[in-house]
Trainee: 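Structure incoming, see below.
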Amino acid sequence: MPELPEVETIARGVHERVHGDFIDKVWFGKHPQPFKTPATRQSRGLEGRVLLAVHRTGKHIVCELGPASKPNRPGDTRPCNQPEQQPEAQWIVHLGMTGRLLVTTPESPVATHTHARLSLASGRELRFVDPRRFGRLEFRDLRRDAAFHAAGEEPLTIQSKPFAALFHGRRMPIKAALLNQKLLSGVGNIYADESLFHAGIRPRKLAGRLTKAELERLRLALREVLQHAIRLGGSSVSDYVDAAGVRGFFQLEHCVYMRTGLPCRSCDTPIQRILLAGRGTHYCPKCQR
DNA sequence: CATTTCACCTGGTGGC
DNA sequence: TGCCACCAGGTGAAAT
């Protein structure tokens, strides 16, 4: 489900609702898959800590956690945020294909495939729901572990030269390279297809064969498409919702993704679907060369 | 080493 | 209605 714009939307929504809050009690479901290491299942690391901030890097949501401490007095449900405070730990959430991170009330019905529930001092609850269990949860104690860093470059901020260098000499199709998180972090199947359409480049074209002009068109198309999608709250293809359960609107602006056989928005040629890197790949045979 | 394929999961859809 | 094949926003291990 979630690529960069969806993860950004969720991280912002979660941050707005929970920063400054305290984690009172933690519940984990019985399936081990969502936990990157078995130790992550121990709630001890999370309980009592203050949620300093929540942000996105690549497709990962990073919750910065302060030291374990309690609100000053009982009923002090929303303690002052202390942004200056140094994080002592991180809770990293990867949503896989079907993961959701939701801020709810404790009374709100618990969806099937809920794998984690964090009760917060304010009375809210932070829930991780993931039917396919491709998502992952990880706890990092920063006194012991290094802070989390996405493997690849941020597509929103990368400059021309380093962008071109990522693809130099590569013999894989450009679409496969865009999906490789070690090169760029955050681009998935939807935004790879959409940005290649806007750049006028065939998904099968070998990455190392792109001209300087094509590389620059691609870099700018990626940035525009991702920024526009963030403004619209991401793409809700089937069931994606943000931290508050609200759908995105960018799916209404898709030009090729899941538009097989429909007329190209630019030239009316039917959109083609092929299989590339094991993924459904959509493009306009006339607009993309 | 670089690149491709496949397994990991559940659920929705469409054909028969 | 039931059964079944196929498809889906991702990733990393195994194979080539």
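The chains referred to below are lettered A, B, ... by the order of the sequence lines, with proteins before strands, and numbering in each begins at 1.
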Trainee: Once rounded to the nearest 0.5 Å, what's the spacing between atom CZ of A:R133 and atom NE2 of A:H113?
Mentor: 7.5 Å
Trainee: What's the closest nucleotide to the side chain of A:Q181 if the choices are C:dA8, C:dT11, C:dG10?
Mentor: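 The answer is C:dT11, which lies nearest to the side chain.
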Trainee: Quick check: are there more than 12 heavy atoms from other residues, nucleotides or ligands sitting under 6.0 Å from CZ of A:R289?
Mentor: yes
Trainee: The criterion is side-chain hydrogen bond (donor to acceptor under 3.5 Å, both in side chains); which residues satisfy it with A:H60, sequence neighbours excluded?
Mentor: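 With neighbours one apart ignored, the set is empty.
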Trainee: Using a 4.0 Å heavy-atom cut-off across all strands, classify A:Y257 as base, sugar-phosphate, or nothing.
Mentor: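 The residue A:Y257 makes sugar-phosphate contact but no base contact.
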Trainee: Where along nucleotides 1-8 of chain B does protein come under 4.0 Å, by heavy atom, of base (B) or sugar-phosphate alone (S), with - for untouched nucleotides?
Mentor: --SS---B
Trainee: Would you mind reading off the distance between A:K182 atom NZ and C:dG12 atom P, rounded to a whole angstrom?
Mentor: 7 Å
Trainee: For A:L179 and C:dA8, what is the distance between atoms CG and P respectively, to the nearest whole Å?
Mentor: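 Computing the A:L179:CG to C:dA8:P distance gives 13 Å.
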Trainee: Between P on C:dA8 and CD on A:Q251, what's the gap in Å once rounded to a whole number?
Mentor: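 Nearest whole value for this atom pair: 17 Å.
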Trainee: If I take atom CD1 in residue A:I190 and atom P in nucleotide C:dG10, what distance separates them, rounded to the nearest angstrom?
Mentor: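 Roughly 7 Å, once rounded to whole Å.
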Trainee: Hey, does the side chain of A:E194 reach the backbone of A:Y257 with a donor-acceptor pair shorter than 3.5 angstrom?
Mentor: yes
Trainee: What is the distance, rounded to the nearest whole Å, between atom CZ of A:R279 and atom P of C:dG12?
Mentor: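 Taking CZ of A:R279 and P of C:dG12, I get 13 Å after rounding.
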Trainee: Who else is in A:I271's hydrophobic cluster (ILVMFWY, side-chain heavy atoms under 4.5 Å, direct or via others)?
Mentor: A:F197, A:V256
Trainee: So what's the dot-bracket for DNA chain B: Watson-Crick or G-U pairs under 3.5 Å, [ ] if a pair crosses, | if it pairs off-strand?
Mentor: .|||||||.|||||||
Trainee: Applying salt bridge (charged side-chain N to carboxylate O under 4.0 Å, His left out), which residue pairs with at least one partner in residues 108-119 of chain A are found, sequence neighbours left out?
Mentor: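 Matches after skipping sequence neighbours: A:R117-A:E125.
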Trainee: Is it the case that A:T9 and A:D242 place a side-chain donor and acceptor less than 3.5 Å from each other?
Mentor: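 Note: A:T9 and A:D242 side chains miss the donor-acceptor criterion.
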Trainee: Which nucleotide wins on minimum distance to the side chain of A:P131, given the candidates B:dG11, C:dA8, C:dG10?
Mentor: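 Output: B:dG11.
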Trainee: Work out how far the P atom of B:dC9 is from that of C:dC3, and round it to whole angstrom.
Mentor: 24 Å
Trainee: Are any of A:K59's side-chain N or O atoms less than 4.0 Å away from OP1 or OP2 of C:dT11?
Mentor: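 The answer is yes; a side-chain N or O of A:K59 sits under 4.0 Å from OP1 or OP2.
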Trainee: Counting only heavy atoms not in A:R41, do more than 12 sit closer than 6.0 Å to its CZ atom?
Mentor: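 Yes, because the 6.0 Å sphere around CZ of A:R41 holds more than 12 heavy atoms from other groups.
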Trainee: Let me know the distance between CG of A:D193 and C1' of C:dC7, rounded to the nearest Å.
Mentor: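 Between C1' of C:dC7 and CG of A:D193: 15 Å.
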Trainee: Any side-chain N or O of A:H113 under 4.0 Å from OP1/OP2 of B:dT10?
Mentor: no
Trainee: When rounded to the nearest Å, what value does the distance between P atoms of C:dC7 and B:dT5 take?
Mentor: 15 Å
Trainee: Answer with yes or no after comparing the ring centroid distance for A:F128 and A:F28 against a 6.0 Å cut-off, counting only values under it.
Mentor: no
Trainee: Under the salt bridge (charged side-chain N to carboxylate O under 4.0 Å, His left out) rule, what pairs show up with a residue in residues 205-214 of chain A, not counting sequence neighbours?
Mentor: A:K205-A:E214
Trainee: From CE of A:M97 over to P of B:dT10, roughly how many Å is that when rounded to an integer?
Mentor: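 These atoms are roughly 14 Å apart.
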Trainee: In whole angstrom, what separates A:M258's CE from C:dC7's C1'?
Mentor: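 To the nearest whole Å, that distance equals 8 Å.
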Trainee: Give A:S236 one of three labels, base, sugar-phosphate or nothing, depending on what nucleic acid heavy atoms sit under 4.0 Å from its own.
Mentor: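 Touches a base.
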